[in-house]
Amino acid sequence: MNERVTFTKKVLEFNKELSHISIDLPEGFRIVNPYNGEQREAVHRITTTFYQKYFNDTLPRRLILGSSPARRGTARTGIPFEDADHLKKETGILIDNFHINQSSSNFLYDVISNYGGSKKFYANFYLNFVCPLGLTRINAKGNEVNCNYYESKQVQKLLLPFIVRSIRRQINFGIDTSVCYCIGSGENYKVLTKINNDYHFFKTIIPLEHPRFIMQYNSQNKDKYMEKYITALRRD
């Protein structure tokens with residue numbers, strides 16, 4: 001009898017593969033990899049606990065893709081869009097020096113709550129990023145700051161083979177490719193659409209405004225964006 005390969009196992013195997021990724025980037029740019037960083041043991045514990053809690057089955061899921069993990073957010077924990085306090089409640093494990101835009105994460109938790117709660121949401125959706133590892137760059141003041149994969153055309157070109165392999169690899173988890181949701185309705189959606197036109201991963205890509213954009217610049221219209229998210233996620 002063949003062993004049942006759960007969604008959890010596929011995700012954790014993918015994360016293990018990510019721990020071995022090495023890509024030479026131009027001077028001033030750096031990859032932030034939680035799976036082989038100084039807190040890799042804590043990351044392994046927290047990801048194992050989280051994915052076993054919500055993904056320990058063989059259900060198909062739809063993919064939701066952000067752009068790149070934040071260097072002090074997902075690029076430290078390995079779990080997309082989850083903040084430190086919530087992860088500690090979920091798993092009992094705290095990642096040091098973790099930070100995420102609280103208003104942005106609160107918007108996503110409201111989306112999950114309005115959808116029907118974490119159990120229902122994660123039974124239907126798997127979140128990650130077009131570039132599943134974090135990126136940083138040195139700015140004009142000499143400080144290390146977050147960097148999205150599309151900010152430098154040279155970096156984007158170097159990362160493209162890795163990005164394509166990663167999307168293809170995740171689709172093999174058991175992803176429903178009829179639709180992909182893109183968090184970031186600007187450049188991330190533009191680049192992901194071009195990749196999809198070349199590789200035909202998904203039948204449709206639906207852009208959704210980034211929670212940071214919503215909460216920092218359009219918080220008065222939060223309910224409108226919430227309705228847009230929920231309507232998109234509930235489509236057949």
Side-chain angles (χ1 to χ4, degrees), residues 7 10-37 40 43 47 61-81 125-140 144-213 232:
F7 207 100
K10 293 174 182 178
V11 173
L12 295 178
E13 286 178 349
F14 176 61
N15 290 349
K16 185 177 180 179
E17 292 167 11
L18 290 177
S19 72
H20 301 297
I21 292 296
S22 176
I23 302 172
D24 290 329
L25 297 180
E27 184 177 356
F29 292 89
R30 181 173 72 91
I31 285 179
V32 183
N33 190 334
Y35 309 108
N36 65 15
R40 59 186 176 275
V43 168
T47 53
R61 288 170 169 85
R62 290 179 172 177
L63 186 59
I64 301 175
L65 292 175
S67 55
S68 309
R71 67 190 174 97
R72 293 176 60 199
T74 300
R76 278 193 174 271
T77 69
I79 301 179
F81 299 104
F125 301 102
Y126 166 69
L127 290 83
N128 213 308
F129 299 89
V130 175
C131 178
L133 295 177
L135 296 167
T136 66
R137 62 178 175 83
I138 303 299
N139 66 13
E144 187 174 56
V145 296
N146 286 326
C147 178
N148 282 307
Y149 72 95
Y150 50 72
E151 290 181 27
S152 161
K153 294 302 181 184
Q154 183 182 7
V155 169
Q156 182 181 321
K157 183 178 179 180
L158 289 170
L159 289 172
L160 182 59
F162 167 61
I163 287 171
V164 170
R165 288 196 309 271
S166 296
I167 294 175
R168 183 175 287 122
R169 180 75 173 82
Q170 290 171 97
I171 286 173
N172 289 335
F173 293 175
I175 294 296
D176 171 2
T177 58
S178 63
V179 60
C180 173
Y181 301 92
C182 179
I183 294 182
S185 57
E187 197 67 18
N188 192 37
Y189 174 63
K190 177 182 175 181
V191 176
L192 182 57
T193 297
K194 184 180 185 309
I195 291 172
N196 195 55
N197 288 341
D198 291 339
Y199 293 93
H200 310 289
F201 289 131
F202 309 103
K203 184 176 180 181
T204 302
I205 298 178
I206 296 178
L208 296 167
E209 283 74 18
H210 197 287
R212 183 173 60 251
F213 167 81

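The structure displayed is predicted, hence computed values, not measured ones.
Under the side chain to side chain donor-acceptor pair (under 3.5 Å) criterion, R62 pairs with D176, Y181, not counting sequence neighbours. With sequence neighbours left out, S68 forms a side chain to side chain donor-acceptor pair (under 3.5 Å) with no residue at all. Listed by chain and number, the residues in a side chain to side chain donor-acceptor pair (under 3.5 Å) with E151 are R137 (sequence neighbours excluded). Not counting sequence neighbours, the partners of E17 by the salt bridge (charged side-chain N to carboxylate O under 4.0 Å, His left out) test are R169. For E209, the side chain to side chain donor-acceptor pair (under 3.5 Å) test picks out K228, with sequence neighbours left out. In this view, Y150 satisfies the ring-ring contact (aromatic ring centres under 6.0 Å, His included) rule with no residue, not counting sequence neighbours. Shown here are the side chain to side chain contact (heavy atoms under 4.5 Å, CB included) partners of P161, two or more places apart in sequence or in another chain: R165. With sequence neighbours excluded, no residue forms a side chain to side chain contact (heavy atoms under 4.5 Å, CB included) with R40. Contacts of I138 classified as side chain to side chain contact (heavy atoms under 4.5 Å, CB included), with partners at least two apart in sequence or in another chain: E144. Under the salt bridge (charged side-chain N to carboxylate O under 4.0 Å, His left out) criterion, R168 pairs with no residue at all, not counting sequence neighbours.
In terms of heavy-atom proximity, L133 sits nearest to P69 at O-CD, 3.3 Å. Pairing each heavy atom of C180 with each of L65, the nearest pair is SG-CD1, 3.9 Å. The two residues D24 and L158 have their closest heavy-atom pair at O-CD1, 3.7 Å.
Every pair tested for salt bridge (charged side-chain N to carboxylate O under 4.0 Å, His left out) that includes a residue from residues 199-208 fails, sequence neighbours excluded, so the list is empty. Identified under the side chain to side chain donor-acceptor pair (under 3.5 Å) test for residues 187-196, with sequence neighbours left out: Y149-N188, K194-D198.
Within the model, atoms CD1 of I23 and CD1 of I31 stand 4.0 Å from one another, a figure rounded to the nearest 0.5 Å. For the atom pair CG of L208 and SG of C182, the computed distance is 8.0 Å after rounding to the nearest 0.5 Å. Rounded to the nearest 0.5 Å, atoms CZ (F129) and OG (S67) are 7.0 Å apart. Note: F29 CZ to C147 SG = 5.0 Å, rounded to the nearest 0.5 Å. From F81, atom CZ reaches atom CD1 of I183 across 4.0 Å, with rounding to the nearest 0.5 Å. In this structure, S166 OG and I171 CD1 are separated by 11.0 Å, a value rounded to the nearest 0.5 Å.
For the pair I175 and F201, the minimum side-chain heavy-atom distance is 4.5 Å or more. I195 is listed as a side-chain neighbour of L160, based on a closest heavy-atom distance under 4.5 Å. Taking 4.5 Å as the limit, some side-chain heavy atom of L25 sits within range of a side-chain heavy atom of L135. Using a 4.5 Å cut-off on side-chain heavy atoms (C-beta onward), L63 and F173 make no contact.
Distance alone, capped at 3.5 Å, places no donor-acceptor pair between the N128 side chain and the P80 backbone.
Under the side-chain hydrogen bond (donor to acceptor under 3.5 Å, both in side chains) rule, Y126 has a single partner from R61, K10, Q170, which is Q170.
More than 12 heavy atoms of other residues, nucleotides or ligands lie within 6.0 Å of CG in N172, so this atom counts as buried by the packing criterion.
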